Amino acid sequence: DTCLSMAQFQEVMRQQLEASMDKELEKLLSVTEGADVEVARKDFEGFKKLFHRFLQAKGPSVDWAKIHRPPEDSIQPYERIKARGLPDNVSDCLDKLVVVKLNGGLGTSMGCKGPKSLISVRNENTFLDLTVQQIEHLNKTYNTDVPLVLMNSFNTDEDTKKILQKYTHHRVKIHTFNQSRYPRINKESLLPMATDLGTMGENADAWYPPGHGDIYPSFYNSGLLEQLISEGKEYIFVSNIDNLGATVDLYILHFLMSQPNGKRCEFIMEVTDKTRADVKGGTLIQYDGKLRLLEIAQVPKAHVDEFKSVTKFKIFNTNNLWISLSAIKRLQEQSAMDMEIIVNPKTLDGGLNVVQLETAVGAAIKSFDNALGINVPRSRFLPVKTTSDLLLVMSNLYSMDAGSLTMSEKREFPTTPHVKLGSSFTKVQEYLSRFESIPDMLELDHLTVSGDVTFGKNVSLKGTVIIIANHGDRIDIPAGAMLENKIVSGNLRILDH
């Protein structure tokens, strides 16, 4: 009887886990019929690869000692890109571009049902409306045909497709494809919790979309990538649909298109300077001679504070990315797309602990040739993740033109105010019911609101304003009130006489 070494023992265990996983996935396919099975089979192929790599992983995926600051020329200042000006033939550049929006997320964190992209953000316009308006404006202005591609998930696909009918007479072609649907695995057994391929009843929580890194295989498998290449498209501009600053930038596009052929840049990541609010954002590093995205989840515990410091890592990833279509095709066909696995543990409502294996679109940067970072102005990063963000973009701090938001000329300094709305404002409906109209915030620096607070019409907020209603109290800010550098607390009710 031979003794197994520890490494051999671990290898045997891994093989057994993989065999059990294969068996379970086959079982799931066998209890279902119809078109879903073929789609699921493709999804499962991708999942098995990810699961295999997950089992191979040992400890944090980076060796801290090998992390270096990126070389000077690998992150270009936006000013330098802009200084090159625009080409005579902007439309020729635009003819080679496709805009892709990541549309897999639900509005649950803001208390909304359905896709997040269908939440109204400005004058009854949703994230999707604004996106369509922006691209339509480009197409009309330059007489081009930039298509919009939405990457949906099984959570958002049906609702999104219903709504797309309203854009049939707009000057923008819209395509969709679906992210994969992967099985959540039980944290203990490392096996799928699903009993069949359905998404209802006991299987409602059994599936997840595996992060936006899934764009590469899904886009490729959908056939859409090939179709767009055959139409002469060369680059995609990818961004989160809730980032209202992610508009098509003609200077960056021109820069991409004017690279010499042998040195074609296949991947650009827009980064911007970190502020105290962005300490968790992924950052660009030099690692093994390549640009690489480092996310907080990959950082060894002992170095997390260092990662968050604004001095060592000065920039973070906005997730606005410009990527070569032919390069995606090449890397997919060579199975050479290398992305770190993000292990996302979740506890479901019933108390079950599960694990989601995910990847991030920006993590593939190290697989592309001549990849670059561009340090863009903060205005290109305007994500709406909370109702506090929503208050900013609905206010007079921004003016809107053809679906694009820009900081109002009347604001004296270009930074956005810091807004923190308390838990009574978390859900969009509640938030809207607490403002009779959105306050004037042109001169606001900082706003904190906590507790049961409402705002009347035409309120104006300036400097630092802190409004705290204690438990059981209510504060109504009267119509027309002007609060400048004020702290309001206690109980303030404005009663009609």
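Only heavy atoms go into these numbers, but all of them, side chains included; no hydrogens, no water, no symmetry mates. Since the structure is predicted, the reported quantities are computational estimates derived from the model, not experimental observations. This chain uses plain numbering: 1 for the first residue, then up along the sequence.
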With no hydrogens and no angle check, do the side chains of [X] and [Y] hold a donor and an acceptor under 3.5 Å apart?
X	Y	answer
Asp249	Tyr78	yes
Asn243	Asn319	no
Ser433	Glu430	no
Ser218	Asp214	yes
Ser239	Asn320	no
Asn125	Gln133	yes
Asn152	Asn178	no
Thr160	Asn103	yes

State whether the side chain of [X] and the backbone N or O of [Y] hold a donor-acceptor pair below 3.5 Å, judged by distance alone.
X	Y	value
Ser388	Leu421	yes
Ser153	Gly104	yes
Arg69	Leu284	no
Arg181	Leu197	yes
Thr318	Glu270	yes
Asp129	Thr126	yes

So, taking the atom named [atom1] in [X] and the one named [atom2] in [Y], what distance separates them when rounded to the nearest 0.5 Å?
X	Y	atom1	atom2	result
Leu150	Leu102	CG	CG	9.5 Å
Leu348	Arg184	CG	CZ	5.5 Å
Leu372	Asp73	CG	CG	8.0 Å
Ser222	Lys42	OG	NZ	8.5 Å
His212	Met151	NE2	CE	8.0 Å
Phe307	Gln298	CZ	CD	8.5 Å

Worksheet item: Does Ser109 have any side chain to side chain contact (heavy atoms under 4.5 Å, CB included) partners at least two apart in sequence or in another chain, and if so, which?
Response: none
Worksheet, complete the sentence: Residue set satisfying side chain to side chain contact (heavy atoms under 4.5 Å, CB included) with Ala194, at least two apart, ordered chain then number -> Leu28, Asn203, Ala206, Trp207
Assess whether a salt bridge exists between [X] and [Y], defined as any Lys/Arg side-chain N lying under 4.0 Å from an Asp/Glu carboxylate O.
X	Y	result
Asp159	Lys113	no
Lys116	Asp242	yes
Glu26	Lys23	no
Glu340	Lys366	yes

Heavy-atom closest contact ([X] atom, [Y] atom, distance):
X	Y	result
Arg380	Thr247	NH2-O, 2.8 Å
Phe127	Val121	CZ-CG1, 3.4 Å
Tyr216	Ile323	OH-CD1, 3.7 Å
Leu106	Asn155	CD2-O, 3.7 Å
Leu190	Lys187	CD2-O, 3.8 Å
Pro70	Ile285	CG-CA, 4.0 Å

Given side chains that start at C-beta, do those of [X] and [Y] come closer than 4.5 Å, heavy atoms only?
X	Y	value
Ser450	Ile467	no
Gln179	Asp157	no
Trp64	Pro300	yes
His175	Pro147	yes
Asp338	Leu331	no
Pro417	Asp445	no
Val354	Met193	yes

Discussion item. Walk me through whether Thr283 and Leu294 qualify under side chain to side chain contact (heavy atoms under 4.5 Å, CB included).
Written reply: CA-CA 5 Å; Thr283 191; Leu294 177 66; 4.2 Å; yes
Angle class for the [X]/[Y] ring planes (parallel below 30°, perpendicular above 60°, tilted otherwise)?
X	Y	answer
Tyr182	Tyr208	perpendicular
Tyr431	Phe425	perpendicular
Phe51	Phe47	parallel

Residues, nucleotides or ligands: over 12 heavy atoms within 6.0 Å of [X] [atom1]:
X	atom1	answer
Asp288	CG	yes
Lys166	NZ	yes
Glu158	CD	no
Lys385	NZ	yes
Gln334	CD	yes
Lys173	NZ	no
Lys48	NZ	yes

Discussion item. Tell me if the centroids of the rings in Trp322 and Tyr235 come within less than 6.0 Å of each other.
Written reply: no
Worksheet item: What do the steps show when you test Gln8 against Met6 for side chain to side chain contact (heavy atoms under 4.5 Å, CB included), and what is the final call?
Response: CA-CA 5 Å; Gln8 287 168 321; Met6 195 60 191; over 6 Å; no
Practice prompt. Could you give me the CA-CA distance, side-chain angles and deciding distance for Asp369 and Arg264, then say whether salt bridge (charged side-chain N to carboxylate O under 4.0 Å, His left out) is met?
Written response: CA-CA 8 Å; Asp369 294 338; Arg264 244 0 217 311; over 6 Å; no
Item to complete: Applying side chain to side chain contact (heavy atoms under 4.5 Å, CB included), run through Leu382 and Leu405 and close with a yes or a no.
Response: CA-CA 9 Å; Leu382 184 58; Leu405 289 185; 4.2 Å; yes
Practice prompt. Would you please test Ile215 and Val238 for side chain to side chain contact (heavy atoms under 4.5 Å, CB included) and show each step?
Written response: CA-CA 10 Å; Ile215 185 172; Val238 185; 4.1 Å; yes
Discussion item. Applying salt bridge (charged side-chain N to carboxylate O under 4.0 Å, His left out), can you list everything that pairs with Glu333, at least two apart in sequence or on another chain?
Written reply: Lys329
